[in-house]
Asker: 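Before we start, here is the structure in question, set down as structure tokens.
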Amino acid sequence: MPIELAPRNKRGLPLRSPVMAGSGAVGYGDCWPPGLDPRAFGAIVTAGVTMRPRSGREPPRLAELPLGFLLATGDHNPGYRRVVAQYAELWRRLGVPVILSLLGAEPGDRAWMATRLEEDDPGIAGIELPVPEDVNLGEASAFIAAVRRATTLPLLVRLPATRAAHLAETCVVAGADALVIGTPPPVVYPAPDGTPLEGPLAGPTALPFTLRGLRAVAALHLDVPLIASGGIQKAEDALLCLRWGAVAVQIRSLVWTDPAAAMHVAESVHAAFAADSPEG
Amino acid sequence: MPIELAPRNKRGLPLRSPVMAGSGAVGYGDCWPPGLDPRAFGAIVTAGVTMRPRSGREPPRLAELPLGFLLATGDHNPGYRRVVAQYAELWRRLGVPVILSLLGAEPGDRAWMATRLEEDDPGIAGIELPVPEDVNLGEASAFIAAVRRATTLPLLVRLPATRAAHLAETCVVAGADALVIGTPPPVVYPAPDGTPLEGPLAGPTALPFTLRGLRAVAALHLDVPLIASGGIQKAEDALLCLRWGAVAVQIRSLVWTDPAAAMHVAESVHAAFAADSPEG
Amino acid sequence: MTGGMVQTRATLVERRVIGAVHELRLHDPRLAARLGAGQAVLVRTGWGMIPYLRRSFYPIAIAADSWVLRLPPDGDLGHAWLRLAPEGSELDCLGPVGIGFRLPDGVRRVLALGEGEAAWTLLPVVVEADAFQLAVALAAEVITPRQAIPPARLPAAVEYRLTTVEGGRGRLDAFWAELLPWADVVVAAGSLAFYRRLAEAIREHRFVITRGFAQVLYPATFLCGTGACLACVADVAGGRRRVCLRGPVFDLTDVVSDR
Amino acid sequence: MTGGMVQTRATLVERRVIGAVHELRLHDPRLAARLGAGQAVLVRTGWGMIPYLRRSFYPIAIAADSWVLRLPPDGDLGHAWLRLAPEGSELDCLGPVGIGFRLPDGVRRVLALGEGEAAWTLLPVVVEADAFQLAVALAAEVITPRQAIPPARLPAAVEYRLTTVEGGRGRLDAFWAELLPWADVVVAAGSLAFYRRLAEAIREHRFVITRGFAQVLYPATFLCGTGACLACVADVAGGRRRVCLRGPVFDLTDVVSDR
Ligand SMILES: Cc1cc2nc3c(=O)[nH]c(=O)nc-3n(C[C@H](O)[C@H](O)[C@H](O)COP(=O)(O)OP(=O)(O)OC[C@H]3O[C@@H](n4cnc5c(N)ncnc54)[C@H](O)[C@@H]3O)c2cc1C
Ligand SMILES: Cc1cc2nc3c(=O)[nH]c(=O)nc-3n(C[C@H](O)[C@H](O)[C@H](O)COP(=O)(O)OP(=O)(O)OC[C@H]3O[C@@H](n4cnc5c(N)ncnc54)[C@H](O)[C@@H]3O)c2cc1C
Ligand SMILES: Cc1cc2nc3c(=O)[nH]c(=O)nc-3n(C[C@H](O)[C@H](O)[C@H](O)COP(=O)(O)O)c2cc1C
Ligand SMILES: Cc1cc2nc3c(=O)[nH]c(=O)nc-3n(C[C@H](O)[C@H](O)[C@H](O)COP(=O)(O)O)c2cc1C
Ligand code: FES
Ligand code: FES
């Protein structure tokens, strides 16, 4: 029995396996470390795309943290048009559902991209919409509803982990088909040259934030699928999230820090899931 | 030149050294690991006290995290009366300023304890007031102002690290003499027996949250001393906080996980501070 | 001799590998001189600060200038590091923690009762009692024979009963009637369930559990040892106590509520 | 021969300790067969997941079934772990990363220019050029004599110029007039400031910097190597490029903006 990430959406978004490659893991589906088979994943989420190209933050962009790191790319990306032109063909032949992550500087940007996606039809299976750290309920509701009106694609809304419970219901009412929990909280740390960098916590230390957000949202019984993301590094981490209310998980930095371990997580969690499931 | 933690307070709160033992490090000043000299610290903050005794959370209370831990004591403490009766004499002869941490279940509790402190006069040098994770500006303002009216003691307000910048100015207006940044954000993790525990992140992984809160509050130029707390494990961590706007730091779990390292941080940071200061 | 806690740098001088079990002898005169049977030592393990918390050990042998910790097979990262640490490594140790076993004056017959791996923590008190020329019996109930203390590890005069409980439970029960009336004092190490069974057996074979008759080691894992963290609390001795200060060895009557 | 990236488990087969420097030889046939001069290898170090990010190395020697990494003295935790890893340890490696040095057809005289520690990363291309029987000169500018490549480490036919710059800078400048007009191609490793000085010198002694004349190794530290993380970007080649895909070796004209 496949996992359905968008049971309330007419198109649906069925996954073969509960392990996804999260945003930032494999670029736009073009950045694969050695030994990783795209089809080992239930789906992949692309790096974020903005309406216009963004050259992002000046280097340095990376600070290593105690047992983790922070990456401040400043939403560096080639922009919607170039991404769709360059990768649509790849997405169609990758053999795994591709979910496009939409970032926005202005409130209307994401709705504009969602509208364009209906026309361009670049072969994607859904949209992931990260909710910025500091939005209030009204803002979150408005921009999700705008994207919802613009597209019939399944909509995964990614919540900041520490505010996930606060925002969850509003996002579902505004049209989220599933919730991703979540973006780890922002931290500051000096880069090797001393420059203070700010960005979301990444690596194994993010997991306790993911678990807190997941349990809090699961306790709300919102009747949408929950996807755990942030700090998942081991099969046990993934299985704990599935036990605590997630239907799928995303692995991210593990994909490039240890491709073999990422492949092992994908395969062993899929196997555990298939064993549990009546139809294999 | 001593560090003054309460320049706007008539009593003042001068420290000999910028390294404090934070709340949770040495109990009520009675829990000293081997080799630690109280006088190596600029001040100590006690474990939190509530108006009435609290037996706290049932065990298990501790979960080890990737490079850290979380402790969920549920504010277990013997209550205001017993703490003051039992430790006042100790506080007077410890040779280091003692700051009492006041916790409150009800809004009026802390003001009640602050009032009693004026009468009981148990030899403390100040009060630390932790602001709960989820209060809004009005609530924070109200309970700090109530304590401020009840006592002339220097008031250190401890902010949640992730909301420090949001709350800081309101707390200063309500009467904080200094701001402690801060309480690391809450996380959830399974205890060894699988029970999900919730509590603030502790250990080295808390530092990036402290640094973010510290820089954000320092940027507000509020003209009160800032004290960095959370995840400080090495002399370099402490010196980075002092460089980024703190006048003092608190070390906490390091005191019991590695007393010799805690002593080294206290001594070497004090020495670096004394070398920088014209009057030694 | 015991005394206040110290922080030491112990040198790993000997590693004994017995199947999947490692026993490490640590040269550590300052700590060894203070350490008593049933007290814990907190050992920092790992690389950098991972894992962050010290591992607790109840030494299985205490000599004048060294002590021995035992690592049963398990998945703990700190233990894995200890299994790989080369001889000559320096380990940062904190201890002794808490109150250990005491052999009261006038006692003649000591019964040591252990369950599973925990039985090993009784070795120092067994050796101590034997050295005082007391009559000592050790009875242990293990899941698999691999957990069992080999008879050769015991002083010659110690009487030894061993039962293996693959799957089932309670095989030691067959010895209660013989051993409990004989003993002047019981020292025990095992689970809380084991202590409850022990208390029932004492009530059955001695009618009442006198305070002072049985001492039990409370199973606590992560410890700060100073009383500051409140992680170790247990509902014992009529209240919520810090095991690291009041224990880890408690009177049995403090651990099982009297009915 | 080079090819796509692989993830391997390399065996530490030899440790050479030269003062405070360690050189580790890793038996790693799969990776060695793909690795070219100037490409990086990403090595997982440490215990458990600390440190979390792989350390990047530019091998100083490449053989058929092994390669050598060099650890200068520094305070990095990952490097500290590598200094202690016993022979026989297995290291998790990912590589080769990016595009290395290329010796174009028809080139006869190769000039290798190194600054400080980075000069060591030129050794493989120097050895390769010598093996092709090209004329090779290596000129290096070091801060302290300890950083210098000993002449015995170079193929006999390689001409070697070494300057030591305690405190000052630019001593290699004395050789520019002699060496730059001689060379058909330059391969260089050092800081961005070093490359700017090199570009100035080329303009002075050859009037123009032709594309294809000088290749330089862009100093990047933490790498994912796949293009996903965008941490390695630099403003080169007329845009903000990923060093791990377009580099780490770039044409000098892409790194210093032409005036
Ligand atoms: C943000 C940005 C937007 C641009 N927009 C355009 C444009 O709209 N039209 C145009 O003709 N030229 C554009 N350029 C110019 C571009 O630098 C070069 O023309 C082109 O990138 C060369 O491609 P490459 O694959 O050889 O270089 P690369 O080094 O692969 O890429 C060049 C830049 O694009 C970014 N980029 C490429 N692929 C990805 C990816 N998968 N994920 C994230 N970032 C990626 C890289 O980070 C790098 O900074 C843009 C450059 C940047 C940095
Ligand atoms: C929360 C609480 C409140 C109590 N209030 C009273 C009271 O008001 N009057 C009274 O007569 N008895 C009180 N008791 C009863 C108490 O259990 C025993 O009478 C007394 O603690 C025995 O002291 P002890 O030092 O021997 O035990 P301990 O084991 O040292 O302490 C007993 C309990 O008090 C707590 N406690 C003691 N010191 C500290 C400390 N420094 N920091 C945090 N917690 C500490 C411990 O955690 C433990 O749970 C209280 C017990 C608890 C747990
Ligand atoms: C290319 C790229 C894009 C990223 N985009 C985002 C983003 O849109 N939002 C975000 O919160 N974090 C983003 N991150 C940061 C991730 O939180 C972090 O790098 C990492 O992938 C998380 O891995 P983890 O789940 O293993 O902690 C991005 C990272 C990369 C590499
Ligand atoms: C006795 C005790 C009391 C504590 N009380 C509080 C508290 O009042 N508020 C809080 O946020 N954390 C409290 N903590 C948890 C600390 O965040 C954590 O245990 C640790 O001391 C922080 O150490 P660090 O600064 O090295 O991360 C307490 C910890 C202990 C041991
Ligand atoms: S172990 Fe910390 S109080 Fe007992
Ligand atoms: S190192 Fe990650 S994109 Fe280049």
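Proteins get letters first, then strands, A, B, ... in listed order; numbering begins at 1 in each. This structure is a prediction, so every number in the text was calculated from the model and none was measured.
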Asker: Heavy atoms only: give me the nearest A:Pro66-B:Pro204 pair and the separation to one decimal.
Answerer: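 For A:Pro66 and B:Pro204, the tightest heavy-atom pair comes out as CG-O, 3.9 Å.
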Asker: What residues form a side chain to side chain contact (heavy atoms under 4.5 Å, CB included) with A:Val224, not counting sequence neighbours?
Answerer: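 Listed in chain order: A:Arg8, A:Val172, A:Leu179, A:Leu222, A:Leu226.
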Asker: Checking B:Leu65 against chain A: side chain, backbone, both or neither under 4.5 Å from a heavy atom?
Answerer: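 The side chain, not the backbone.
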Asker: Counting heavy-atom pairs under 4.5 Å to chain B, which of A:Leu211, A:Leu207, A:Val188 comes out on top?
Answerer: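 Of A:Leu211, A:Leu207, A:Val188, A:Val188 has the most heavy-atom pairs under 4.5 Å with chain B.
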Asker: So between chain B and chain A, what donor-acceptor pairs come in under 3.5 Å?
Answerer:
from	atom 1	to	atom 2	distance (Å)
B:Val188	N	A:Pro208	O	3.1
B:Glu198	OE2	A:Arg212	NE	2.8
B:Glu198	OE2	A:Arg212	NH2	3.3
B:Pro208	O	A:Val188	N	3.1
B:Arg212	NE	A:Glu198	OE2	2.8
B:Arg212	NH2	A:Glu198	OE2	3.3

Asker: Identify, with sequence neighbours excluded, every residue that meets ring pair (Phe, Tyr, Trp, His ring centres under 6.0 Å) alongside B:Phe143.
Answerer: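 For B:Phe143, no residue satisfies ring pair (Phe, Tyr, Trp, His ring centres under 6.0 Å) once neighbours in sequence are set aside.
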Asker: For A:Leu70, which atoms come within 4.5 Å of any heavy atom of chain B: side chain, backbone, both, or neither?
Answerer: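 Answer is neither: A:Leu70 stays 4.5 Å or more from chain B.
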Asker: Partners of B:Ala43 by side chain to side chain contact (heavy atoms under 4.5 Å, CB included), sequence neighbours excluded?
Answerer: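 B:Leu15, B:Met20, B:Pro97, B:Ile99.
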